Every structure is written in C-alpha cells, then in structure tokens.
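Reading through the structure tokens given below for one structure.
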There are 2 protein chains.
Amino acid sequence: MDGSRASQASSSELLNPLMYVRCHGCPLRTKPAFHDKTQDEIAVIDQMKSDHLRVSAGTEFIHPEQTDAELYTLFSGWAFRYKELADGRRQILNFSLPGDLIGMQAALLDKSLYGAVALTDAELCVVPRRRLFKLFEHAPGAAYELTWLGAREEALVDENLLTAGRRNAMERVAAMVAALYKRAEQLDLVQDGVMDFPLTQQHIADALGLSLVHTNKTLARLRAQGMFRIADGKLALLNPRAVARLAQYFEKEPARRPII
Amino acid sequence: MDGSRASQASSSELLNPLMYVRCHGCPLRTKPAFHDKTQDEIAVIDQMKSDHLRVSAGTEFIHPEQTDAELYTLFSGWAFRYKELADGRRQILNFSLPGDLIGMQAALLDKSLYGAVALTDAELCVVPRRRLFKLFEHAPGAAYELTWLGAREEALVDENLLTAGRRNAMERVAAMVAALYKRAEQLDLVQDGVMDFPLTQQHIADALGLSLVHTNKTLARLRAQGMFRIADGKLALLNPRAVARLAQYFEKEPARRPII
DNA sequence: CGATGGTTTGATGCTGTTCAATTAGAGTGG
DNA sequence: CCACTCTAATTGAACAGCATCAAACCATCG
C-alpha cells in the first residue's frame, strides 16, 4: 500500500551525496526546463534555504493534518502527494519531479490537507514556512515565481482530475505515461526513449482511481499493443503518437519555468 | 451541455446593479468568512482593480487556450472552471462562490488550460494580469494573500480529485453537497438549512465524473433516504450528519480567509 | 528457506454507462 | 390562449467496464 521500491535517483551528476548543496552551484537549475537567474536572485534563494534534506524511499515528509509543514523544492528523486478517506482508500494527487515545489498549501494554510511521500530516495531543499512572508516582503521576484509554481502544480492536479473523472482505464494509463514522459523529457531524464519509472502498479492505480487488478490488466493490454513498456523500474515509450492519441493528451509543458 | 439556468444572485444586499463597486464599501468583505483589512490594504486592492464586470448566466469569461486572461474575484453569483477532452467529454474542476479567486493559472501561465463559466448572473472584480507583478513588488501583503487563495483553490481541486478517484456515486454526491453547504454557510448564504443551488444535474454529473442518467438515479436514492432535497434551484440539507458520514467528509474550511 | 512485496491471472457480479423514450415547465410566436 | 420548441428531469432496459475475491507466481532478502 505504500510505495517503497527504492529506485536510486541517477546520481551520476549530483554532487557528493553528503554535501550541503548551495544554490549557486546547483546542477538542477542549469537544465533546459528552467529560467536563467542572476547571481543576485540565486543568492536570495540560497538565503531562504534553511536545509538540504535527504530522505529514503517511502519517507512521508509532510503528514496529513500537520500544522508546521515546511515548503520544499524537490532536488532529486520522485515524490507524490496524496489524500485518503477515513476507511483507507487512497488517492494520489500528483507526482513531483526534480525542480517541483511541494507543500505550498501545507505551508500557507493552517494545516496540511494531504500527505507527501518520497517515492525514491530523494533530496529536498527546505524553505521554512516562517520565512515565507519575509520572502514576499523582500524578494517579490522570488515570491512571484513561487506563486507561479503553485499555479503550475494546480494545473497538474486539474489534469489529473480530468483523467480520473472522464477518461476510461486505457486512456488514464496512456495519459499518465504521456504526461510523465513529457515532464521527464524537459529535465533531461529521458535517453533513447527510456526513463526511470519508480512507480509500482499500486501507485499507478492510486493515482488513476483504478483498482490494482484492473490496472494490471490494462497495462497488459497496452503492452500487447506495443505502445510502451514498463519493466525493471524503467519506462520505454515506443509509440508516443499512439499514446497521445489514445489519451487525447496534447498539452505541452511551458518551455521554461521558474525554480526556487 | 452548458448551464444556463439563471438563478439570480440574491441581490438584496448588493448595491445598485449599475454602479461600479469600489473596494472600500465592499459588502462582501465584511462577511464572517473573511479577514479584516485596514483601509490602507483596501486602498491597494482598489487601485489594482480595473473593472467591475457583470456577466449573465452561461457566459464563458475565461476560454481554454486564451493567452490574455485576467485575474478575477467573484463578487456575486456562482461560476465554475472546467476542462474538456477533444471529443467533448467535460470535467468541471471546481465551483466558485463569492470571494473566490478565479484565474490564477490563466493569468500567470502563458495560456489558460481551462475554461471558466458563470453559472448564474454574476459580478466579477477584475485585476489585470499586467498589474500582477507590480502587485508583488508594491503590495507584498496582498501578493501573499493572492498566493494563499491560489493554494486554497488547489485544495478544492485536490478534494474533488479524491472524490472522483475514490468515492462511489452516492458518496460523490454527498461529498459535493457537504462541501458546497459548508462553503455557503461561511458566506451567510444559508438560511434555515436552505441555500441557493443553481446547478443542473448535468453540472453535478460533469463535476463528479458520472453520467447524467446515473447522477439522476443517485439523487433519487439519496432523496428517498431523506438526506437532502434539491428542488427549484434550492438545496435543503436535512441530515448533515448522515451526509458527512456517507461522504466521509469532515474537512472544515478555515475560519477566516483573505479576500482580494 | 521462509517471508515479503510486487505482478499476474481467472471467475463472478455489481456499479455505472449507454440507448431510448417519456414527462414537465418555460419561453415564443401566431 | 394554444401549438411549438427547447431544456431539464425522469425512468426502464441492456450491457460492459471495472471492482472484488482468490490464488498463484516471481524476485529479492535476511
């Protein structure tokens, strides 16, 4: 019921795993997905950053109902947000990839209405909730970008709601694959059509609003059609056009976005 | 397919319907749902406001793909945001009640990924997207509250995703009724357990990810159980406890929130 | 080697979709 | 005032998509 497969974040390009990462030399923000920043802007963010957290796969770093959750930028690895009903039914709200913000709601509202869990071993840059208002006062540019990233996260959830509400099982899986693939592509996480894919079928089911069994059978059908292949923690997208067509998924991520 | 029943916003307390509404005397912000503001704060917002729009039921004031959408605060009436697939299947993302912000994503991102439609005749306070960054520079407090409201909207969508993904039909309807009722209560829109309810069954179906026919049958079953009654554009909540229990919906809106 | 977590498969039937048709109310024009 | 139209709500019947239950399989790991 909880994702605990540890697919290592490909760490070839990360710094020494024991080092605190300063924003100045951040290897993430040079990726094509992100806006360039001036040294001054980076310095502001570096000051806001209070910690660089390393968590292992399965760690819940924001708890439902938590009242003092911090704001995080995912530096490496995968994570997801989820909600659940009192009887245990769980819905994954969205997945987070490196560069994504996690915890705006939790940091701003009185208490968190969701949980957040690391799907793989992951690193998190921490912006303490206490400093948030200060950031708005002294760094309007960064505040604006924060809000921008919050709006983007909502866009992800919107899309997932469309998926859960209106797509059938085949389309749901296809939409998920298409969306995650596009996001990974932007982060240089795809090579020869293959990307890391640390989700179990249980995660896929929980994200799509399907049962585990039916998710499995749906994956089998899509596999038979040669659209993509999921195995050994990797996803190979074999027929992107067919997947996009089945899912009716044609949105593109904006070419470049901020990163805090 | 489009909501066009015009349930008048109860306008007893609104000003002359032809007048431009300045923020200073805004009758909305004195409601119990909202934070108090100083005159200075109100002046800032009044300066940002460029227009006071009146639209009739059914008007789409943000179009999918639109690149120059403004930011709106709903002043009176109801509205909703939606997405749809290429083949026409439509998913309503969330409903907006007076005081809610609409269009953060659309104003911040390059283009809108959703549409927004007035469900009833409605009034909208307009904050031009061009002034948004200025607001961050010169009014950090207002910017913070804007972000807060954006986070709250995401929380609404999160809850709707949980509903569409994990609740069955009976529970979905119950969850929707419970959530809308609580929000209306906060706005003094409930009297003797009765509130305006301008949704058609098609809207309910589109919001919950159900077919129209099944929505109708589900409503009939709930009606037979005496949980609530929907008729003539009104909702009477007869057994709040039973509805909350069925929906497993126990979240409360924060006591007070900002309003821009 | 048993234990554990994840994947796979078959059987059964409920929940919700689709198709089709009817009813009721509201607005319009003659 | 009465036909005509349009939208919303309603109901029945047939079907299918997906959930649920049960069990087996496979790999990894202590």
Side-chain angles (χ1 to χ4, degrees), chain A residues 1-8 56-58 85 87-91 117 119-120 163-174 197-224 228-235 246, chain B residues 1-8 56-58 85 87-91 117 119-120 163-176 197-224 228-235 246:
Chain A
M1 197 60 182
D2 63 312
S4 64
R5 155 143 25 134
S7 146
Q8 301 304 338
S56 57
L85 295 173
D87 65 9
R89 280 175 283 175
R90 180 174 79 164
Q91 177 66 39
V117 176
L119 197 54
T120 66
T163 295
R166 287 293 170 222
R167 286 192 247 246
N168 64 30
M170 298 271 280
E171 293 166 344
R172 289 186 207 193
V173 173
F197 194 79
L199 312 193
T200 66
Q201 294 186 358
Q202 183 69 64
H203 290 121
I204 300 176
D206 285 352
L208 298 180
L210 297 172
S211 72
L212 174 59
V213 172
H214 196 62
T215 299
N216 178 282
K217 288 173 181 171
T218 304
L219 284 167
R221 285 176 64 189
L222 287 168
R223 188 186 314 138
F228 56 85
R229 183 163 301 279
I230 294 176
D232 305 318
K234 301 277 181 192
L235 162 69
L246 172 60
Chain B
M1 196 57 183
D2 62 315
S4 62
R5 157 149 18 141
S7 146
Q8 300 305 339
S56 58
L85 295 173
D87 65 10
R89 280 175 283 176
R90 178 174 82 163
Q91 177 67 37
V117 177
L119 196 54
T120 65
T163 294
R166 287 295 171 222
R167 285 192 245 246
N168 65 30
M170 298 271 279
E171 295 166 343
R172 289 186 206 193
V173 174
M176 167 175 222
F197 195 79
L199 313 192
T200 65
Q201 293 186 358
Q202 183 70 64
H203 290 122
I204 301 176
D206 285 352
L208 297 181
L210 296 172
S211 71
L212 174 59
V213 171
H214 196 60
T215 298
N216 179 283
K217 289 174 180 170
T218 304
L219 284 167
R221 286 176 64 190
L222 287 168
R223 188 185 316 138
F228 56 84
R229 182 163 304 277
I230 294 176
D232 305 319
K234 301 276 182 193
L235 163 69
L246 171 59

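Below, chains carry the letters A, B, ... as their sequence lines are ordered, and counting in each starts from 1. These numbers come from a predicted model, not from an experiment.
Contacts between residues 212-222 of chain B and DNA chain C, defined by a heavy-atom separation under 4.0 Å, are made by B:Val213, B:His214.
If you take CD of A:Gln202 and P of D:dA19, they are 12 Å apart, rounded to a whole angstrom. Between the CG atom of A:Leu210 and the C1' atom of D:dA19 there is a distance of 10 Å, given to the nearest Å. Atom NE2 in B:His203 sits about 14 Å away from atom C1' in D:dA9, given to the nearest Å. If you take CZ of A:Arg89 and P of C:dT15, they are 13 Å apart, rounded to a whole angstrom. B:Asp206 has its CG atom 12 Å from the P atom of D:dA8, to the nearest Å. What separates CE of B:Met170 from P of D:dA19 is a distance of 19 Å, to the nearest Å. Spacing between atom CZ of A:Arg166 and atom C1' of C:dT18 amounts to 13 Å, rounded to whole angstrom units. Across the protein-nucleic acid pair, A:Asn168 atom CG and C:dG16 atom C1' stand 14 Å apart, rounded to whole Å.
Listed here is the closest heavy atom pair of A:Arg167 and B:Arg89: CA-NH1, 4.0 Å. Nearest heavy atom pair, residue B:Met170 against residue B:Leu246, reads O-CD2, 3.9 Å. Taking each heavy atom of B:Arg166 and A:Leu210 in turn, the nearest pair found is NH2-O, 3.1 Å.
Residue A:Leu235 holds its CG atom at 11.0 Å from CZ of A:Arg229, rounded to the nearest 0.5 Å. Separating the CG atom in A:Leu219 from the CZ atom in A:Phe228 is a distance of 5.5 Å, to the nearest 0.5 Å.
Within the 4.0 angstrom heavy-atom criterion, only backbone atoms of the sugar-phosphate kind lie near B:Arg223; the bases stay farther away.
Of the side-chain N and O atoms in A:Gln201, none sit less than 4.0 angstrom from OP1 or OP2 of C:dG5.
For the pair B:Met176 and B:Leu199, the minimum side-chain heavy-atom distance is below 4.5 Å.
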